[in-house]
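Below is one structure, written out as structure tokens; comments come after it.
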Amino acid sequence: MKNTSQITVGRAILAAAYIALGIVLIVHPGFTGTVICRAAGVLALAFGAVRAVSALGTGDSSAFLRVDLIISVLLLAFGIFALTRPTVILSILPVALGIYLLMESVGKFQRAMALKNLGYTRWWVVLLFGILAAALGVLLLLNPFQAAESMLIFLGVSLVVDGVTDLWILWCFAAHGA
């Protein structure tokens with residue numbers, strides 16, 4: 001039972017983080033996008049460097065070393081690219097978010113059916129949220145916006161919707177003892 005409680009708290013924190021990040025993206029899309037890309041670049045450089053130093057420091061020449069070195073080079077290359085070309089990275093985000101929202105909507109559909117089976121009379125609200133998440137995902141895949149700022153605002157709206165949906169689902173399950 002403790003694991004379920006920890007998972008619920010973790011999901012609630014993640015949903016709140018989605019909502020907060022979504023609001024920031026809506027209010028400051030250009031600045032936020034650049035900051036996210038550059039932060040990802042710095043993290044990739046750091047992880048790549050640590051992984052390369054770690055792999056080279058072992059003195060091992062196994063296949064694992066080669067894989068570690070390949071991954072570290074890829075991380076370093078991505079880090080440099082993200083720092084120097086954040087707009088290119090931002091142009092890829094709509095497709096990645098679209099795929100993510102489609103995967104999330106499948107989970108929401110499953111949770112809606114679970115709520116229905118538990119006798120929750122408003123299970124259809126969760127289903128509607130799942131349909132909304134799927135529609136947003138499809139829209140992002142079919143029309144990845146040309147302007148990075150428009151995409152980031154849309155990303156912010158999508159994150160807010162997804163976070164609110166997750167909080168609603170958690171509330172529904174908590175209210176009905178599931």
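Throughout, numbering of the chain's residues begins at 1 and tracks the sequence.
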Practice task
May I ask you to check whether over 12 heavy atoms, not counting those of Arg51, lie within 6.0 Å of atom CZ?
Solution key: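 Correct, the count exceeds 12.
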Exercise for the section: Give every residue pair that meets the side-chain hydrogen bond (donor to acceptor under 3.5 Å, both in side chains) criterion with at least one member in residues 24-38, sequence neighbours excluded. Expected result: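 Listed by first then second residue: nothing to list.
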Quick check: is [Y] connected to [X] through a chain of hydrophobic side chains (ILVMFWY, heavy atoms under 4.5 Å apart)?
X: Val138; Y: Leu141; value: yes
X: Leu83; Y: Val50; value: no
X: Met113; Y: Val125; value: yes

What are the two closest non-hydrogen atoms of [X] and [Y], and how far apart are they?
X: Ser105; Y: Ala133; answer: CB-CB, 4.1 Å
X: Ala49; Y: Leu76; answer: N-CD2, 3.7 Å
X: Gly48; Y: Leu75; answer: CA-CB, 3.7 Å
X: Gly41; Y: Ala82; answer: CA-CB, 3.7 Å

Find out whether [X] and [Y] are in side-chain contact, i.e. whether some heavy atom of one side chain is under 4.5 Å from a heavy atom of the other.
X: Arg111; Y: Trp123; result: no
X: Phe109; Y: Ile131; result: yes
X: Leu139; Y: Phe154; result: yes
X: Leu115; Y: Leu127; result: no
X: Leu25; Y: Ile36; result: yes
X: Leu101; Y: Leu97; result: yes
X: Ile19; Y: Leu159; result: no
X: Trp124; Y: Lys116; result: no

Practice task
Output, in order, the C-alpha distance, side-chain angles, deciding distance and verdict of side chain to side chain contact (heavy atoms under 4.5 Å, CB included) for Val95 and Leu140.
Solution key: CA-CA 6 Å; Val95 174; Leu140 281 170; over 6 Å; no
Practice task
Measure the CD1-OG distance between Ile26 and Ser158 for me, rounded to the nearest 0.5 Å.
Solution key: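 Nearest 0.5 Å value for the CD1-OG distance: 9.0 Å.
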Handout entry: Straight-line distance of Leu132 CG to Leu136 CG, nearest 0.5 Å
Key =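 The CG atom of Leu132 sits 4.5 Å away from the CG atom of Leu136.
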Exercise for the section: Keeping to residues at least two apart or across chains, list the ring pair (Phe, Tyr, Trp, His ring centres under 6.0 Å) pairs with something in residues 76-103. Expected result: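 Pairs touching residues 76-103 that pass the test: none.
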Exercise for the section: Would you confirm whether Thr165, through its side chain, and Val161, through its main-chain N or O, come within 3.5 Å as a donor-acceptor pair? Expected result: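 Yes, because the side chain of Thr165 sits within donor-acceptor range (under 3.5 Å) of the backbone of Val161.
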Problem - Leu14/Asp166 under side chain to side chain contact (heavy atoms under 4.5 Å, CB included): CA gap, chis, key distance, verdict - result: CA-CA 9 Å; Leu14 187 59; Asp166 287 345; over 6 Å; no
Exercise for the section: Go through Tyr18 and Val160 one step at a time and tell me if the side chain to side chain contact (heavy atoms under 4.5 Å, CB included) criterion holds. Expected result: CA-CA 6 Å; Tyr18 281 0; Val160 170; over 6 Å; no
Practice task
Tell me, with the steps shown, if Phe129 and Ile169 meet side chain to side chain contact (heavy atoms under 4.5 Å, CB included).
Solution key: CA-CA 10 Å; Phe129 281 133; Ile169 290 168; 5.9 Å; no
